[in-house]
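Working notes, structure below.
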Number of protein chains: 2
Amino acid sequence: MRTPEGEAFTSFVVEVATLGHFVTAAGESLARHGGQSLARWVVLDAIGERPLTVAQIGRARGMARQPVQRVADVLAEEGLASYQDNPQHRRARLLTLTARGREVLDAINARQAAWANAHGARVGIDKLRRAHQLVADMRKLIELPPQS
Amino acid sequence: MRTPEGEAFTSFVVEVATLGHFVTAAGESLARHGGQSLARWVVLDAIGERPLTVAQIGRARGMARQPVQRVADVLAEEGLASYQDNPQHRRARLLTLTARGREVLDAINARQAAWANAHGARVGIDKLRRAHQLVADMRKLIELPPQS
DNA sequence: TTCATATTGACATCATGATGTCAAATCGCC
DNA sequence: GGCGATTTGACATCATGATGTCAATATGAA
C-alpha cells in the first residue's frame with residue numbers, strides 16, 4: 001500500500017511543512033521589529049522598487065488581490081504608503097511608499113540581511129545552493145499531477 | 001551589507017516558503033476528496049491511533065489548543081468524532097474517532113499514500129533521503145539564534 | 001492534607017488568506 | 001469607433017490559526 005519511496009516522500013513533505021512554519025515565524029519576527037507583520041512587510045517590500053497597483057502586488061507575491069487590498073488600506077491609513085493616481089488606469093491607483101514607509105522597510109530589510117548573512121555564513125554557500133536547487137526541484141515535481 | 005551567503009540563504013528561505021505553500025495546497029486537495037479540509041484531516045489523523053484530549057492533539061501537531069478545539073467541535077457535530085469521558089481528567093474528555101470518522105480518515109490516507117507513492121517513485125529514494133536530511137538540518141539551524 | 005502552580009476547556013478577539021460577486025474601467029479584436 | 005472579454009477595486013463571507021482571559025481541575029511540593 002505504501003512504498004518506501006512513498007514513506008520517504010511523506011516524511012519530506014511533513015518536514016517541509018514544518019520548516020515552512022519556522023520560516024514564516026522568522027519572517028513575522030523580523031517584521032515585528034519594525035512594528036509590522038509579515039503580511040505588511042511583503043506589501044511594503046513589493047512597492048520598494050516602484051509603485052504598483054494592488055492587483056500587481058498580488059500577482060508579484062502570489063496572493064489574491066483581496067487580502068493585499070486590505071493590508072494596503074491599513075498601510076495607507078498608517079501613513080506608510082499612499083495611493084497615487086495612475087495615468088494608466090483611472091480606478092487602479094498606484095500604492096506608493098511614503099518617507100516613513102521607506103524608513104520602516106529599510107530597517108526591516110537591514111535586519112533581515114543581517115539575519116540571512118549570519119545564518120548563511122554558518123551553512124556555507126555550496127550547501128545553500130544545493131539546498132535551494134533541491135527544494136526548487138521538489139516544487140516543480142509537486143506541481144505536476146501525480147499520475148504522469 | 002549583504003553577503004553572497006546571505007543572498008543564497010534568503011533565496012532558500014523564499015523557496016521554502018513557496019514550497020510550503022504548495023505542500024499545504026496539496027494537503028488541502030487530498031483532504032477535500034474526503035469532504036474535509038487540511039485542518040480537519042490533521043485532527044482526525046491525530047486521533048487515528050488512539051483517543052486524545054484537545055490539548056494533547058495540539059501538542060502532537062504543534063498547534064495551540066484553541067484552534068484544535070474549534071475543529072474538534074465541528075468534527076463532533078458532524079459525527080466524525082465524539083467526546084468520551086476521560087478517567088484521567090474530569091473536564092478533559094477524549095476525542096475519539098467514530099466509525100464514519102474512521103472511514104473518512106482511511107479514505108484520505110489511502111489517497112495520500114497513492115499520491116506519495118507516485119511522487120516518491122519519480123524522485124527516487126536516495127534523493128528523497130538527502131532532501132529530507134537537508135531540510136531537517138536547515139530547520140535545526142533556523143531554530144538557533146542567528147548570533148551564535 | 002493543604003495550598004500554590006500548571007493544565008485544561010470555554011469563551012472572546014484578532015490577523016491572515018481564500019473565495020465569490022458586482023460594477024466600473026480598460027483592453028483587444030473586429 | 002464599437003463591443004465583448006478581461007481586469008480592477010470594493011464590498012461580502014468564510015476557514016484557519018494566534019493570542020488572551022477565566023474558572024474548573026489536576027498536580028506536586030510541603
Side-chain angles (χ1 to χ4, degrees), chain A residues 17-18 20-29 31-32 34-44 46 51-78 81-95, chain B residues 17-18 20-29 31-32 34-46 51-78 81-96:
Chain A
T18 307
H21 196 266
F22 272 95
V23 161
T24 300
E28 292 280 5
S29 173
R32 210 168 306 121
Q36 303 300 310
S37 68
L38 180 53
R40 294 177 189 197
W41 178 23
V42 166
V43 173
L44 288 174
L52 291 175
T53 68
V54 163
Q56 286 171 335
I57 297 169
R59 281 194 298 271
R61 302 293 161 134
M63 292 170 58
R65 323 172 258 124
Q66 292 84 341
V68 174
Q69 184 74 249
R70 182 175 43 75
V71 173
D73 289 347
V74 173
L75 291 174
E77 271 177 33
E78 294 179 353
S82 69
Y83 288 109
Q84 303 293 330
D85 283 344
N86 183 357
Q88 310 295 319
H89 197 303
R90 201 184 306 175
R91 289 186 78 205
R93 289 172 300 166
L94 290 164
L95 191 69
Chain B
T18 307
H21 195 265
F22 273 96
V23 160
T24 299
E28 292 279 6
S29 172
R32 209 168 307 121
Q36 303 301 309
S37 68
L38 180 54
R40 293 177 189 198
W41 178 23
V42 165
V43 172
L44 286 173
D45 192 64
L52 291 175
T53 67
V54 163
Q56 286 171 335
I57 297 169
R59 281 193 298 271
R61 302 293 161 134
M63 294 169 56
R65 348 183 230 112
Q66 292 84 341
V68 175
Q69 184 73 250
R70 181 176 44 75
V71 173
D73 288 348
V74 172
L75 292 174
E77 271 177 34
E78 294 178 354
S82 70
Y83 288 110
Q84 302 294 331
D85 282 344
N86 182 356
Q88 310 296 319
H89 196 302
R90 201 185 305 176
R91 289 186 79 203
R93 288 172 300 166
L94 290 164
L95 190 70
T96 311

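Everything numeric in this text was worked out from a predicted model, so none of it was measured.
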If you look at every strand shown and take non-hydrogen atoms under 4.0 Å, does [X] touch a base, only sugar-phosphate, or nothing?
X       : value
A:Ala64 : base
A:Arg61 : nothing
A:Arg93 : sugar-phosphate

Problem - Candidates B:Glu78, B:Glu28, B:Glu77 - the one meeting salt bridge (charged side-chain N to carboxylate O under 4.0 Å, His left out) with B:Arg40 - result: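 It is B:Glu78, the one option of B:Glu78, B:Glu28, B:Glu77 that forms the salt bridge (charged side-chain N to carboxylate O under 4.0 Å, His left out) with B:Arg40.
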Handout entry: Exam field: side chain A:Thr24 to backbone A:Gly20, donor-acceptor pair closer than 3.5 Å
Key =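 Yes; at least one donor-acceptor contact below 3.5 Å.
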Side chain proximity check, [X] to [Y], heavy atoms < 4.5 angstrom:
X       : Y       : result
B:Ile57 : B:Val71 : no
B:Asp45 : B:Arg61 : yes
B:Gln36 : B:Leu75 : yes
B:Arg93 : B:Thr53 : no

Exercise for the section: Report the end-to-end axis angle of the helix from C:dT1-D:dA30 to C:dC30-D:dG1; each axis comes from five terminal pairs, and the value is rounded to 10°. Expected result: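 The angle separating the two end axes equals 40°.
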Each nucleotide N or O in nucleotides 22-29 of chain C that has a protein N or O under 3.5 Å away: list the pair and distance.
from	atom 1	to	atom 2	distance (Å)
C:dA24	N3	A:Arg91	NH1	3.1
C:dT26	OP1	A:Arg90	N	2.6

Handout entry: Atom-to-atom span, CD1 of B:Ile57 to C1' of C:dG9 - whole angstrom
Key =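 After rounding, the gap between these two atoms is 13 Å.
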Exercise for the section: Find which nucleotide of DNA chain D each of A:Gln56 and A:His21 is nearest to by heavy atoms, and output the residue with the more 5' nucleotide. Expected result: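 Comparing both residues, the 5'-ward one is A:Gln56.
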Practice task
Using heavy atoms to find the nearest nucleotide of DNA chain C for B:Thr53 and A:Leu38 separately, return the residue whose nucleotide is more 5′.
Solution key: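 First, find each residue's nearest nucleotide; the 5'-ward one identifies B:Thr53.
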Problem - Of A:Arg40 and A:Gln66, the one whose closest DNA chain C nucleotide lies more 5' - result: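 Of the two residues, A:Arg40 wins.
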Practice task
First locate atom CG of B:Leu94, then atom CD of B:Gln56, and finally report the distance between them rounded to the nearest 0.5 Å.
Solution key: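 With rounding to 0.5 Å, CG (B:Leu94) is 7.0 Å from CD (B:Gln56).
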Practice task
Measure the CD-CD distance between A:Gln66 and A:Gln69 for me, rounded to the nearest 0.5 Å.
Solution key: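 It comes to 8.5 Å.
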Problem - For chain A, the stretch of DNA chain D it reaches, first to last nucleotide, under 4.0 Å of its heavy atoms - result: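 The contacted stretch runs from D:dT8 to D:dA18.
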Exercise for the section: Identify the two heavy atoms, one from A:Ala72 and one from A:Tyr83, that lie closest to each other, and give their separation to 0.1 Å. Expected result: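 Answer, listing the atom of A:Ala72 first, then A:Tyr83: CB-OH, 3.3 Å.
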Handout entry: Which atom of A:Ala46 lies closest to which atom of A:Leu52, heavy atoms considered
Key =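 Shortest heavy-atom contact: O-CD1, 3.5 Å.
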Exercise for the section: Decide side-chain contact (heavy atoms from CB on, under 4.5 Å) for B:Leu95 and B:Val43; before the verdict, give the C-alpha distance in whole Å, the side-chain angles of both, and the deciding distance to 0.1 Å. Expected result: CA-CA 9 Å; B:Leu95 190 70; B:Val43 172; 3.8 Å; yes
